[in-house]
There are 2 protein chains.
Amino acid sequence: MKPFQKDFYIQEDKMYVATDCVIFGFDEGNLKLLIFKRRVKPLMGTWSLIGSFVKLDEDVKEAAKRVLKEITGLENVFMEELKTYGTTFRDPGYRTISIAQYALIRIGEYDKELVERHGAHWYDIEDVPDLVLEHNQMVKDALLRIRRKARYKPIGFELLPEKFTIPQLQKLYEAVYHKEIDSRNFRKKVLSLNVLVKLDEKDMSTSRRGAFLYKFDRKKYLKLQESGFNFEIA
Amino acid sequence: MKPFQKDFYIQEDKMYVATDCVIFGFDEGNLKLLIFKRRVKPLMGTWSLIGSFVKLDEDVKEAAKRVLKEITGLENVFMEELKTYGTTFRDPGYRTISIAQYALIRIGEYDKELVERHGAHWYDIEDVPDLVLEHNQMVKDALLRIRRKARYKPIGFELLPEKFTIPQLQKLYEAVYHKEIDSRNFRKKVLSLNVLVKLDEKDMSTSRRGAFLYKFDRKKYLKLQESGFNFEIA
DNA sequence: ACAAAAGTGTTTCTAATACACCCATGG
DNA sequence: CCATGGGTGTATTAGAAACACTTTTGT
């Protein structure tokens, strides 16, 4: 394949561009990270984020989504660029610039069989082992990013199932910010934003009484944004 | 030069990595952008951000600082990665991923002669012409970024001279957020943060009475950060 | 003496925080 | 009937926003 007729920049240096993905999940009150064993030389076999080289005729995000689907079976996942990591000799294999992404997935929905087959594992975020290159830094940076971002964008909902309870949502925020939140104030604030729809169903799995399920209403949220209102939780 | 002994990834695709810099300045109450005429084919001669290809043995930020110095004479400038722009066929010259940066410079300090010699110009931010590739998008994104960032980091001071007055600072925030701010509330808030040092000097250039000059105290700011306090202006 | 920008205080209102009890249910 | 997590209301406090006049000084 020859996507470009002519190379206008032939006197400049070419290098590899890769993308690595910090994949977050949320389960049983804990933030989790999906990592796997590196499949290419050098450093083959060490723990690593999921990543890939970017092909000449492929967008960076496309590449990231490709590997994410390959390993989890998931498509249409929330994913956003974090930043690039590409100091000169970071990668002993050759000059490679990695564009890190972070993704938020609903941990109940991924393809377990696929994940296992690729040697991938979910790790508690507090508990991540040493990763290849500066992937630990990427994780750290990604966590800071979602902490900041979750204050003004409703990204938390990307980690929960479609239907969730208020206590679940609270546990998520508690895990992200690593601190306890007063449940009365939390509920008050979340509901006052008016972006949740209460359903007639209850989740009976965590208490005898059951907790009402809610859905995030994207349309209401967009209206809220338009009106200049400031979305802010926790 | 041959910075790498061996290329482990030879079966993958190599491409160009560039960096473009959204350079902001602040003058006479207006946010300004430094742009210049593109010096390489294709699209030579069209308005463009200042940028460069990244060399094999050069960090991305290094490359950005190199061109910034080349054109403005400035070093030690505030610069931060914005995000990457690298869709497949965005650059007709060849597949190129650009890592956009934004820089904040003190507009009084750059080397005017150098800037002119490179055909660079300061444009009012409201008034930027059509730029090459998706550089207009980069400018837009950078502006959004500094708007968000200025709420919790003291980046505004990077755009002002070492010594500045409160009214000047206010005008800067007014330009960034494009709205008027009540001067009493602004002054109260800024001073309550306790990161400014009042000097014994006055700036007499804008009024008969003169306005006291202040300096931003980075040490006080760091202490503020440590104490978990939330820096927030405007 | 006046024009023009710098500087100063108080009141009002809104939103964050702190805090304790009742509810519903399955076992 | 009781243990467990779900759900509700109020008082206090802190900070944001609104608002108008006095000061200084070169001309």
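Residue numbers begin at 1 in each chain, while the letters A, B, ... track the order of the sequences.
- In this structure, CG of A:Leu191 is placed 14 Å from P of D:dG6, rounded to the nearest angstrom.
- Between A:Ile181 atom CD1 and D:dG7 atom P there is a gap of 16 Å when expressed in whole angstrom units.
- Taking atom NZ of residue B:Lys171 and atom C1' of nucleotide C:dG7, one finds them 14 Å apart after rounding to whole Å.
- Aromatic rings of B:Phe216 and B:Phe164 (six-membered ring for Trp) have centroids beyond the 6.0 Å cut-off, not under it.
- Rounded to whole Å, the distance from CZ on B:Arg208 to C1' on C:dA1 is 13 Å.
- D:dG7 atom C1' lies 14 Å from atom CE of A:Met204, rounded to whole Å.
- Under a 4.0 Å N-O distance rule, the pair B:Lys179/B:Glu174 does not qualify as a salt bridge.
- Distances from the side chain of A:Arg184 to the nucleotides D:dG6, C:dA20, C:dT8 place C:dA20 closest.
- A salt bridge is defined here as a Lys NZ or Arg NE, NH1 or NH2 lying under 4.0 Å from an Asp or Glu carboxylate O, and A:Asp182 with A:Arg184 meets this definition.
- Considering only side-chain atoms of B:Asn185, the nucleotide from D:dG6, D:dA3, C:dG9 that sits closest is C:dG9.
- At the heavy-atom level, B:Lys189 lies under 4.0 Å from the strands shown only through sugar-phosphate atoms.
- A donor-acceptor contact under 3.5 Å is formed by the side chain of B:Lys188 with the base of C:dT10.
- Computed from coordinates, the B:Arg187 CZ to D:dA18 P distance equals 19 Å when rounded to whole Å.
- The residues A:Glu75 and A:Lys65 are annotated as not salt-bridged, no charged nitrogen and carboxylate oxygen being separated by less than 4.0 angstrom.
- As rounded to whole Å, 17 Å separates atom C1' of D:dA17 from atom CD1 of B:Ile233.
- Summary of the strand contacts: B:Asp182 and B:Thr165 both lie near DNA chain C, and taking for each the nucleotide with the nearest heavy atom, the more 5' one is attributed to B:Thr165.
- Candidate nucleotides D:dT27, C:dA6, C:dT8 were compared by shortest atom distance to the side chain of B:Ser207, and C:dA6 ranks first.
- Dashed line: the shortest gap from a side-chain N or O of A:Arg209 to OP1 or OP2 of C:dC23 is not under 4.0 Å.
- A salt bridge links A:Lys149 with A:Glu80: at least one charged nitrogen is closer than 4.0 Å to a carboxylate oxygen.
- Across the interface with DNA chain D, nearest-nucleotide mapping of B:Glu232 and A:Phe212 shows A:Phe212 to be the residue nearer the 5′ end.
- For the pair A:Leu213 CG and D:dG5 C1', the interatomic distance rounds to 15 Å; values are reported in whole Å.
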